[in-house]
Amino acid sequence: MFKNHLISIVGAGPGDPDLLTVKALRRIQEADVILYDALHGDEVLQLASTQAVKIYAGKHYQDGQHQTERQDKIHEQLKEYALQGLRVVRLKAGDPFIFGRGAEELEFCFREQLTVEVVPGITAGLAAASAFHIPVTLRGENSMALFYTGHKRNGGFSDIDTVASVLKSNGPVIVYMGLKNLQLLVTALLERGVDRHTPLQISSRVGHADQQNYSTSLEELDGFLRKNEPPMPAVILIGTHAKPVLPEK
Amino acid sequence: MSFLPISLNLAGKQIGLIGGGQVAAQKLKSLVRYSSNIRVIAPEIQAEIEAIPAVQCLHEAYQPQHIEGLFLVFACTDSPEVNAQIQADCESRGILCNRTDDAEVSDFHSSALVETDDFVVAMNSKRKEVKKTVLMAQEIEHFVREREQLLQQKEQLAGKVFLVGFGPGNPNLLSRRGEQLLFQADIIFYDDLLDHEFLARYRGEKHYVGKRRGNHSKEQDEINEVLYQAASARKMVVRLKGGDPLIFGRGSEERFYLEEKGISVEIVPGISSAIAAASLGNIPLTHRGIASSVSFGTAHGKSSYKIPNSDTAVYYMGASNMHEIATNYLEQGYPNDYPVGLVYKASFPDQEVTRTTIGQLSRGEVAAKSPVIGIFGHTVNYRELLKAQE
């Protein structure tokens with residue numbers, strides 16, 4: 001016998017309920033308790049039972065709470081509800097394991113010997129590619145795609161040389177980070193000899209009714225960002241072939 | 001006791017309700033949708049019932065002659081004795097009788113009904129669990145309405161091609177939109193999905209276009225052409241692709257070809273096999289402090305596996321290639337104990353996860369089985385790393 005009801009760490013995809021997997025949808029509909037982050041539209045949450053308890057567990061800007069404290073609180077809640085025999089869903093934007101921080105919660109559940117599962121979701125970068133007709137891989141052109149989040153480390157960006165080398169071999173790089181540091185990242189790439197004409201897409205609010213793609217290039221990003229403010233959340237696609245290909249009118 | 005669910009033709013037939021209270025009023029709500037020839041007999045009848053145009057009211061206490069010539073009778077008085085009398089009178093006259101106070105002895109009972117523009121679904125509980133039946137009927141109503149709406153919208157999709165990511169193979173991981181499009185499709189093109197039975201539930205014509213060994217580009221041209229032919233015959237076409245159509249799925253090639261010929265194409269993303277393998281194998285691809293980049297790779301040309309130096313690397317390849325990739329890692333100077341997670345048949349009941357190292361893989365101490373996704377990187381052992389961080 002399981003001592004708790006199954007905890008599901010569920011990838012909610014980009015926000016469009018039609019992009020949930022069949023399994024994710026079922027878990028959401030059956031849930032007694034849902035812990036969710038920001039970034040989802042309400043639409044996904046509305047699929048849950050009206051009786052389900054919905055708890056916001058995301059990051060409040062400047063709420064003064066330390067990341068570790070916030071994470072501990074989430075862990076406590078997962079455990080508490082599951083031990084009450086309730087069906088708990090931990091809903092995560094996109095996919096839990098692509099910059100979704102699903103691992104900490106999974107590890108906690110393992111350590112506490114709670115039964116747990118991970119349900120994959122459509123990650124924002126791939127949803128953007130589908131929505132805006134951006135090819136990710138092209139036969140004969142590239143054999144690799146890189147998903148990257150730019151953490152600043154020792155004054156530079158982590159893995160920056162890898163990012164530059166993937167771009168030089170025509171592979172696309174899908175970047176999950178805010179726009180604030182994007183220019184710094186692009187400058188670092190140009191310093192490493194990445195072609196300045198390389199296309200760059202900022203795909204804004206993918207999976208929502210107001211989704212929009214902004215096309216620019218590495219060298220033009222600075223000027224672009226001075227004139228435009230793409231709404232968040234956004235995912236960034238960079239690469240020789242990472243530009244929308246649209247049928248001729 | 002056995003009840004046969006049937007639909008009765010009520011044209012030209014009269015129905016009687018004995019009783020004028022709340023129970024009768026409730027019954028009438030559904031009856032008036034099917035009959036405009038209803039007689040209600042009771043000394044006192046609620047105003048709500050009197051107001052219904054299809055109903056004739058007779059303000060009298062029940063007498064056996066009231067049921068003469070009726071086709072169906074509902075005994076809804078608040079007296080079990082009167083209801084029993086009504087039933088006995090019906091029986092001797094060959095009239096079907098429903099006692100609202102005793103379903104077991106009734107000749108028939110009413111079903112929970114789900115009614116849409118095109119369908120009526122009648123539902124009965126075998127266990128007489130009314131609440132459950134009502135809930136289930138609501139679920140079914142929701143489902144039927146959704147499907148009906150999808151069929152109504154289908155007209156607008158004729159001549160369009162949908163490239164739908166099927167995910168790793170288990171139909172549970174198909175997106176809701178993908179599933180709906182399959183339901184609407186006139187024609188479905190699929191390749192090596194591992195669950196063929198799943199497609200049987202969809203009415204569209206099914207065509208296997210999986211890759212055989214040999215000339216891949218020729219086969220791709222043929223696929224492009226059959227998609228084009230189907231769309232130009234004004235069919236609603238679904239092209240199912242494993243994983244995500246844009247990650248090594250050649251979705252772009254098919255789209256370019258079709259759009260050049262004036263066919264409208266929509267791509268519906270799917271769960272890429274690498275991502276599914278990670279989730280279902282409990283191997284994170286990225287993790288704060290451990291991995292901030294993950295690459296998805298396949299063979300370039302004949303056989304060159306670039307080792308990208310990303311924190312995590314996932315390869316979509318045959319099992320035989322895993323050995324070679326591990327050897328390349330070693331040649332690049334990665335240590336023997338660099339972790340590898342092999343996920344065999346991700347998302348299927350016989351999925352297997354093996355945690356190993358590039359050393360063991362390259363020496364052939366561990367052999368991968370196809371179909372396999374290989375995850376190379378420290379996140380494979382994230383549990384140990386997280387413990388070390390504490």
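All chains are named by letter (A, B, ...) in the order of the sequence lines, taking the proteins before the strands, and each is independently numbered beginning at 1.
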| Closest-packed option against chain B by number of heavy-atom pairs under 4.5 Å, given A:Thr162, A:Asp161, A:Asp95 | A:Thr162
| field | Spatial distance of atom OG1 (B:Thr312) from atom CG (A:Leu146) [nearest 0.5 Å] | value | 10.0 Å
| note | Interface check, chain A: of B:Leu280, B:Leu163, B:Asn172, most non-hydrogen pairs under 4.5 Å belong to B:Asn172
| message | Given heavy-atom pairs under 4.5 angstrom as the criterion, report whether the side chain, backbone, both or neither of A:Ile174 touches chain B. | response | neither
| message | Taking atom NZ as the centre, does B:Lys132 end up with more than 12 heavy-atom neighbours from other residues, nucleotides or ligands that are less than 6.0 angstrom away? | response | no
| said: Measuring from atom CG of B:Leu285 to atom CZ of A:Phe99, what distance do you get when rounded to the nearest 0.5 angstrom? | reply: 9.0 Å
| Within the distance-only criterion (no hydrogens, no angle test), does the side chain of A:Thr21 pair as donor or acceptor with the backbone N or O of B:Arg176 below 3.5 angstrom? | no
| In terms of heavy-atom pairs under 4.5 Å, which option from A:Leu106, A:Leu25, A:Val166 contacts chain B the most? | A:Leu106
| note | From the list B:Ile267, B:Val294, B:Ile275, the residue making the most non-hydrogen contacts under 4.5 Å with chain A is B:Val294
| field | OH-CD distance between B:Tyr382 and A:Glu104, expressed to the nearest 0.5 angstrom | value | 10.5 Å
| In terms of heavy-atom pairs under 4.5 Å with chain B, which of A:Ile134, A:Ile9, A:Leu20, A:Val163 leads? | A:Leu20
| task | Any pair with a residue in residues 266-276 of chain B that passes side-chain hydrogen bond (donor to acceptor under 3.5 Å, both in side chains), sequence neighbours left out, goes on the list, sorted by first then second residue, please. | result | B:Arg177-B:Glu266, B:Ser272-B:Tyr316
| query | Side chain, backbone, both or neither: which part of A:Phe110 has a non-hydrogen atom closer than 4.5 Å to chain B? | reply | both
| task | Identify the two heavy atoms, one from A:Ile98 and one from B:Thr286, that lie closest to each other, and give their separation to 0.1 Å. | result | C-OG1, 3.8 Å
| request: Could you please state which residues from residues 118-126 of chain A sit under 4.5 angstrom from chain B, measuring non-hydrogen atom to non-hydrogen atom, sorted by number, or 'none'? | output: A:Val118, A:Val119, A:Pro120, A:Gly121, A:Ile122, A:Thr123, A:Leu126
| query | Taking every heavy-atom pair that is under 4.5 Å apart, which of B:Ser279, B:Gly251, B:Ser293 has the most such pairs with chain A? | reply | B:Ser279
| message | Let me confirm one number: the CG-CZ distance from B:Asp311 to A:Phe147, rounded to the nearest 0.5 Å. | response | 14.5 Å
| message | If I measure from the heavy atoms of chain A, does B:Ile283 come under 4.5 Å with its side chain, its backbone, both, or neither? | response | backbone
| Per-residue contact mode, B:Asp244 against chain A (heavy atom under 4.5 angstrom) | side chain
| remark: Honestly, the part of A:Pro17 sitting under 4.5 Å from a heavy atom of chain B is both
| query | ring-ring contact (aromatic ring centres under 6.0 Å, His included) with B:Tyr344: which residues, sequence neighbours excluded? | reply | none
| Where B:Phe256 and A:Val245 come nearest, the two heavy atoms and their spacing | CE2-CG1, 3.4 Å
| Would you say A:Asp159 and B:Ser310 make side-chain contact, with heavy atoms under 4.5 Å? | no
| note | So CG of A:Asp18 and CD of B:Glu179: to nearest 0.5 Å the spacing works out to 11.0 Å
| query | Would B:Ser292 and A:Ser158 count as having a side-chain donor-acceptor pair, cut-off 3.5 Å? | reply | yes
| field | Within 6.0 Å of NZ in A:Lys79, more than 12 heavy atoms from elsewhere | value | no
| message | My understanding is that only residues two or more places apart in sequence, or in another chain, count here; which of them pass salt bridge (Lys or Arg N to Asp or Glu O under 4.0 Å) with A:Lys23? | response | A:Glu117
| note | Value for CZ (B:Arg288) from CD (A:Gln71), rounded to nearest 0.5 Å, stands at 7.0 Å
| message | Are the side chains of A:His133 and B:Val265 in contact, using a 4.5 Å heavy-atom criterion? | response | no
